[in-house]
Amino acid sequence: MNGDDAAVEALRALIRIPTVSDWDPAREDRTTFEALLAELRERFPRLHADCEVERICGDALLVRWPGRTREAPVVLMAHLDVVPVDDPDAWTHPPFAADLADGHVWGRGALDCKGSLVATCRAVEDLIEEGVTPGRDVWLSFGCNEEVSGRAAKDAVAILRERGVEPWFVIDEGGAIVEGALPGVDAPMAVIGVSEKGTVDVDLTARGDGGHASAPRRMGATSRLARAILRLERKPFPSHLPDATVDMLERAGAHARMPYAAVFGHARRLRPVLSRVLPRLGHETAALTRTTVAVTQLSGSAGANVIAATARAHVNMRVMVGETVDGAVERIRRTVKDPHVEVTLVSGDEPSPVSPTDDTAYALLESTVGDVFPGTVAVPYVMLAATDSRHFHRVWPRVYRFTPFRMTDAQRASIHGVDERIGVTDLHDGVAWYRRLIEQL
């Protein structure tokens with residue numbers, strides 16, 4: 001089996017193992033994680049034989065591939081766990097069958113993020129088999145509870161710090177190679193996350209008298225909660241462009257058609273105008289400009305004929321770079337503006353720092369993109385979702401979030417959704433990207 005076929009079959013094997021993490025560890029099937037680790041050992045024997053493989057935080061892996069020099073190492077990240085599937089019948093192919101169809105591998109985790117896991121391991125395995133030793137240490141940090149904000153990445157950071165490891169840069173999942181993300185830019189773009197938004201979880205709790213559904217009162221708990229949610233919908237956070245987004249637009253502008261080239265090329269000067277225009281171009285560009293608010297869970301009465309005495313909504317927020325968790329929660333309180341609706345902070349992570357784009361680390365990522373994906377424009381951006389790498393970014397300055405796969409709009413929407421899949425050719429090119437990156441170290 002050649003390396004390309006081996007990568008595809010390894011990914012299919014891992015997808016078939018449903019390593020679903022849960023916010024309640026007692027509900028997790030730990031045998032699936034044990035099976036996945038065993039599958040990794042079987043699929044990548046040289047990696048496990050030649051590298052120092054350490055199991056941490058239960059089922060996470062921290063791996064050191066010794067290099068030729070004591071230069072600052074790099075850290076390549078991925079995670080082993082996946083999110084659950086709500087409705088398997090909604091999928092074109094069963095979510096854990098790992099079907100190979102229409103040139104794609106289908107299944108939960110194909111993009112998030114067993115594809116990256118396999119591409120990284122395949123690149124390392126191939127290079128070891130060819131007798132290659134990297135120019136500096138390469139660390140692999142594979143978390144087991146990223147999807148539930150677990151502590152595996154925190155433990156990996158603590159271990160590296162205890163051993164005096166100071167990475168040159170860190171790469172985790174994140175941006176991808178996309179087309180049509182910005183109007184007027186026809187070339188594919190490799191969007192490289194140089195920061196990520198903060199994550200805030202808030203509970204809204206409304207209380208009322210409850211009672212029998214045959215005699216409802218006005219402004220009960222559910223009505224108050226509904227009004228609060230509508231207020232949040234109708235009054236979004238103000239939009240603005242952080243420096244990283246301006247940098248993205250200016251770099252993309254050099255490859256855009258007119259009149260977009262002129263507009264994006266002067267993004268810094270036109271920042272106030274663009275901060276008003278971009279939110280109108282779609283939900284993804286809107287999310288690039290502001291703190292977002294999404295109501296993700298609702299609960300009320302347990303009975304069909306019982307008026308809820310307490311109604312709750314869970315709100316997930318992604319806090320824009322330059323803003324704070326406390327400021328975001330306070331704005332929620334001001335917007336809800338109802339003393340009968342309690343706003344409670346459940347958890348909060350501040351936005352990450354911004355990694356540099358004017359030094360050799362970012363230039364290496366750019367050149368690797370150019371080598372493997374000719375004609376692709378590399379641009380920095382602020383990542384909208386949260387990753388394990390935020391724990392690394394609190395300690396080390398160069399943390400980049402980039403998944404070296406082409407992804408269509410539909411594929412990006414399938415992450416945490418329905419019909420997640422990766423193109424076979426795209427998986428092969430992802431292996432080539434990690435390989436080329438390591439070769440250049």
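Along the sequence shown, the residues carry numbers beginning at 1.
Counting non-hydrogen atoms of neighbouring residues, nucleotides and ligands closer than 6.0 angstrom, the CD atom of E52 exceeds 12 such neighbours. For R161, the CZ atom is loosely surrounded, since the number of other residues' heavy atoms within 6.0 Å does not exceed 12. Other residues, nucleotides and ligands contribute only 12 or fewer heavy atoms inside 6.0 Å of the CG atom of D86.
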Could you walk me through whether W433 and F402 pass ring-ring contact (aromatic ring centres under 6.0 Å, His included), step by step? CA-CA 11 Å; W433 190 86; F402 179 61; 5.2 Å; yes
Could you go through the side chain to side chain contact (heavy atoms under 4.5 Å, CB included) check for F405 and I422 one step at a time? CA-CA 8 Å; F405 301 140; I422 184 172; 3.7 Å; yes
Pair T292-K197, side chain to side chain contact (heavy atoms under 4.5 Å, CB included): steps then yes or no: CA-CA 10 Å; T292 57; K197 287 182 165 183; 3.7 Å; yes
Can you list the steps and then say if W106 with D419 is a side chain to side chain contact (heavy atoms under 4.5 Å, CB included)? CA-CA 7 Å; W106 298 69; D419 281 348; 3.7 Å; yes
Could you walk me through whether F96 and I17 pass side chain to side chain contact (heavy atoms under 4.5 Å, CB included), step by step? CA-CA 7 Å; F96 294 107; I17 304 172; over 6 Å; no
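Side-chain atoms of M189 and E179, non-hydrogen and from C-beta on, never get closer than 4.5 Å to each other. Looking at V170 and V74, their side chains never come closer than 4.5 Å, going by heavy atoms from C-beta outward. Two residues are said to be in side-chain contact when any heavy atoms from C-beta on lie closer than 4.5 Å; D429 and I177 fail this criterion.
Checking N145 against H79 by side-chain atom types alone, no donor-acceptor pair falls below 3.5 Å. Defined by atom type and a distance below 3.5 Å, a donor-acceptor pair is present between the side-chain atoms of T31 and D29. For the residue pair N316 / D201, a side-chain donor-acceptor distance below 3.5 Å is found, with atom types taken as modelled. Judged purely by distance below 3.5 Å, without hydrogens or angles, the side chains of E147 and S21 never pair a donor atom with an acceptor atom. H104 and D102 share no side-chain donor-acceptor pair at under 3.5 Å. Side-chain N/O atoms of T324 and E350 include no donor and acceptor closer than 3.5 Å.
Taking the charged nitrogens against the carboxylate oxygens, R394 and D349 do have a contact shorter than 4.0 Å, which makes a salt bridge. One finds no salt bridge joining R312 and D203 here, because no Lys/Arg side-chain nitrogen approaches an Asp/Glu carboxylate oxygen to under 4.0 Å. A salt bridge is defined here as a Lys NZ or Arg NE, NH1 or NH2 lying under 4.0 Å from an Asp or Glu carboxylate O, and D99 with R421 fails to meet this definition. Here E146 does not pair with R390 in a salt bridge; the nearest charged N to carboxylate O distance is not below 4.0 Å. A salt bridge does not link E34 to R30: none of the charged nitrogens lies less than 4.0 Å from a carboxylate oxygen. A salt bridge links R108 with E420: at least one charged nitrogen is closer than 4.0 Å to a carboxylate oxygen. With respect to E342 and R207, a salt bridge is recorded, a charged nitrogen being found less than 4.0 Å from a carboxylate O. For R435 and E130, the salt-bridge test passes: some basic side-chain N is under 4.0 Å from an acidic carboxylate O.
Checking each of S355, S389, S195 against R401 for a side chain to side chain donor-acceptor pair (under 3.5 Å) leaves exactly one that passes, namely S389. Of the residues listed (D126, L140, T120), the one engaging L47 in a side chain to side chain contact (heavy atoms under 4.5 Å, CB included) is L140, and it is the only one. Remark: of the listed residues R64, R68, E71, R64 is the sole one forming a side chain to side chain contact (heavy atoms under 4.5 Å, CB included) with D137.
Counting only distance, with no hydrogens or angles, the side chain of T285 and the backbone of P279 share no donor-acceptor pair below 3.5 Å.
With F237 as the aromatic partner, R331 meets the cation-pi criteria of under 6.0 angstrom to the ring centre and within 45 degrees of the ring axis.
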